[in-house]
Amino acid sequence: MGSRVAAALLRRGRDQASALLMPRLPRNAPAPAPTPRVGSASSSSCGGGGGGSCLLPPRPGPAGAFSPASRFGSFYAFRSLAPKVMFGQCTRRMSTTAATLNSAAASGAANSGLKLLVTKGPQAQKAVGIWLFGCAAWVFSLVILGGITRLTRSGLSMTDWKFTGEIPPITDDAWQLEFEKYKQSPEYKRVNKGMSLEDFKFIYWMEYAHRMWGRALGFVFAGPFAYFIAKGYVTRQLGLRLSALFALGGAQGLIGWWMVKSGLEEPTSEYVQPRVSPYRLATHLTSAFVIYCGILWTALSVVMPDPPTGSMSWVNGAAKIRKLAIPVSAVVGITAISGAFVAGNDAGHAYNSFPKMGDSWIPEDVFSMEPFIRNFFENTSTVQLNHRILATSTLLSVGGLWLAARKIDMHPAVKSLIGSTLGMAALQVTLGISTLLMYVPTSLGSAHQAGALTLLSLMILLTHTLRRPSPALLKSIATAVKST
């Protein structure tokens, strides 16, 4: 691509002006007339005595691409919300060439079909975005807390469940009563027999904190949701989507108790330790992942209704990478869910060696269960082998995506994001191997689960960024190229 061609859009209003970046031109394109430098002081106030020239686009007709709705700077709003630590250089690069162009596309929403999820202007858009990103972070922390609860074997310490919650024990008599309930459970009889009251208090508080943190999320979600609806910020499409996520969040509490209840039943064999059903654990974790991904995707859609782009070449490049990114995202998700079966079968404490499993590459008992399908979900050897294969496939898939992206002309920020995803995939595999070799310590186990969710987050961000632009944005690119 050749040198950048900058243009500014003069919008008369009450002491307001906005600047518009035009896309790059191909190398063989004729040289345009001199234009002000992008980002310079002279170009920030077009025609205001700054010493720079200004290119004025044609006045918009009835179906023009520009309108007063240009306040919706979609990606600029996203950039102002996104933590720099997480996105780093990606967001900085995206904003330099795409933020104002996306703003122009969003400005044509009313006439060109771009459907915004939030009404009432950019301040409402920002408020809803901050709330949704906060809810996503809350779910993230809830998943990590749930993992710590499982790793410390605290999940079966509370032997009953109440829909409205309950007050924790305060007096010594109340604590003793809860302890007596726990002593009747299979876990105490077979694993923790002789446990002191102080040790019981620790695992009880862990499970209690996990349950209350989940219930608190309901208030954090429902309160602002009702407020934004009352203020008229939420469109019908956004309202339906958030209502579905709220309903799934409510069902998550029931799924959690359904899972815990399976661990309070007597095992079928005296040689088997009490543990929750791997199927129910996988259901619980999958539901949490769905809620998290749903909230994160919706938050991104609120603050970035159009993907960042700068030219049709970059748009076409993103379309090519999108065809690869979607199946890679599926592999990442399946690998994360397979980890639930590793946890549910306590498979992390078996074959604590790598790359071989014990003395062989494939254990002899991988297909020892009947019917055959049970081996993939209940056989400790098969479950761990599957997770190893899927983890390796994930790393290779992300690596292949990175190699493909190097050969395709597209937005530099997308390439940077793919590079970050590859780095996270490599780190996640390293965490998994370390957790296995160290016999699953709580610190590494929880870090490995956090890594899985972080990698999934990056894939969500990547696929969202690779979306096809709206007709408004495509039209603005074509118009900008013709005008130059």
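Fair warning: this is a prediction, and the values are worked out from it, not measured in the lab.
With rounding to the nearest 0.5 angstrom, the OG atom of Ser157 is 9.5 Å from the CE atom of Met206. The distance from atom CE of Met259 to atom CZ of Arg280, rounded to the nearest 0.5 Å, is 10.0 Å. Note that CG of Leu456 is 8.5 Å distant from CG of Leu296, once rounded to the nearest 0.5 Å. For the atom pair CZ (Arg153) and CD1 (Ile203), the distance works out to 9.5 Å, reported to the nearest 0.5 Å.
With sequence neighbours excluded, the residues forming a ring-ring contact (aromatic ring centres under 6.0 Å, His included) with Tyr188 are Tyr182, listed by chain and number. When the side-chain hydrogen bond (donor to acceptor under 3.5 Å, both in side chains) test is applied to Tyr439, no partner is found at least two apart in sequence or on another chain. Residues that satisfy the side chain to side chain contact (heavy atoms under 4.5 Å, CB included) test with Ile408, not counting sequence neighbours, are Lys320, Ile321. By the salt bridge (Lys or Arg N to Asp or Glu O under 4.0 Å) test, Asp160 pairs with Lys181, sequence neighbours left out. Ala127 meets the side chain to side chain contact (heavy atoms under 4.5 Å, CB included) test with Phe228; sequence neighbours excluded. Among residues two or more places apart in sequence or in another chain, the side-chain hydrogen bond (donor to acceptor under 3.5 Å, both in side chains) test is passed with Gln449 by none. The side-chain hydrogen bond (donor to acceptor under 3.5 Å, both in side chains) search around Asp365 returns Ser381, not counting sequence neighbours. Not counting sequence neighbours, Arg467 has no partner by the salt bridge (Lys or Arg N to Asp or Glu O under 4.0 Å) test. The side-chain hydrogen bond (donor to acceptor under 3.5 Å, both in side chains) check on Glu265 picks up nothing, with sequence neighbours excluded. Residues forming a ring-ring contact (aromatic ring centres under 6.0 Å, His included) with Tyr208 (at least two apart in sequence, or on another chain): Trp205.
For the side-chain hydrogen bond (donor to acceptor under 3.5 Å, both in side chains) condition, the pairs that include at least one residue of residues 393-403, sequence neighbours left out, are Thr335-Thr394. Residue pairs meeting the side-chain hydrogen bond (donor to acceptor under 3.5 Å, both in side chains) criterion with at least one member in residues 130-148, sequence neighbours excluded: Ser141-Trp213.
Around atom CG of Leu396, more than 12 heavy atoms belonging to other residues, nucleotides or ligands sit under 6.0 Å away.
When only modelled atom types and interatomic distance are considered, His448 and Thr435 share no side-chain donor-acceptor pair under 3.5 Å. Between Ser457 and Tyr292, the side chains place a donor N or O and an acceptor N or O closer than 3.5 Å (distance only, hydrogens not considered). In summary, the side chains of Tyr279 and Glu378 do present a donor paired with an acceptor at a separation below 3.5 Å, with no hydrogens or angles considered. Side-chain N/O atoms of Glu207 and Ser154 include no donor and acceptor closer than 3.5 Å. For the residue pair Asp409 / Ser313, a side-chain donor-acceptor distance below 3.5 Å is found, with atom types taken as modelled.
The shortest distance between side-chain heavy atoms of Leu242 and Leu238 falls below 4.5 Å. Asn192 is listed as a side-chain neighbour of Glu187, based on a closest heavy-atom distance under 4.5 Å.
In this structure, Gln384 and Ala347 approach most closely via the heavy-atom pair NE2-O, 2.7 Å. Closest approach of Asn379 and Asn375 over heavy atoms only: ND2-OD1, 3.0 Å. Minimum heavy-atom separation, Ser353 to Arg388: O-NH2, 2.6 Å.
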Would Tyr351 and Lys356 count as a side-chain contact (heavy atoms from CB on, under 4.5 Å) if you check the C-alpha gap in whole Å, the side-chain angles of each, and the deciding distance to 0.1 Å?
-> CA-CA 8 Å; Tyr351 303 105; Lys356 289 186 175 182; over 6 Å; no

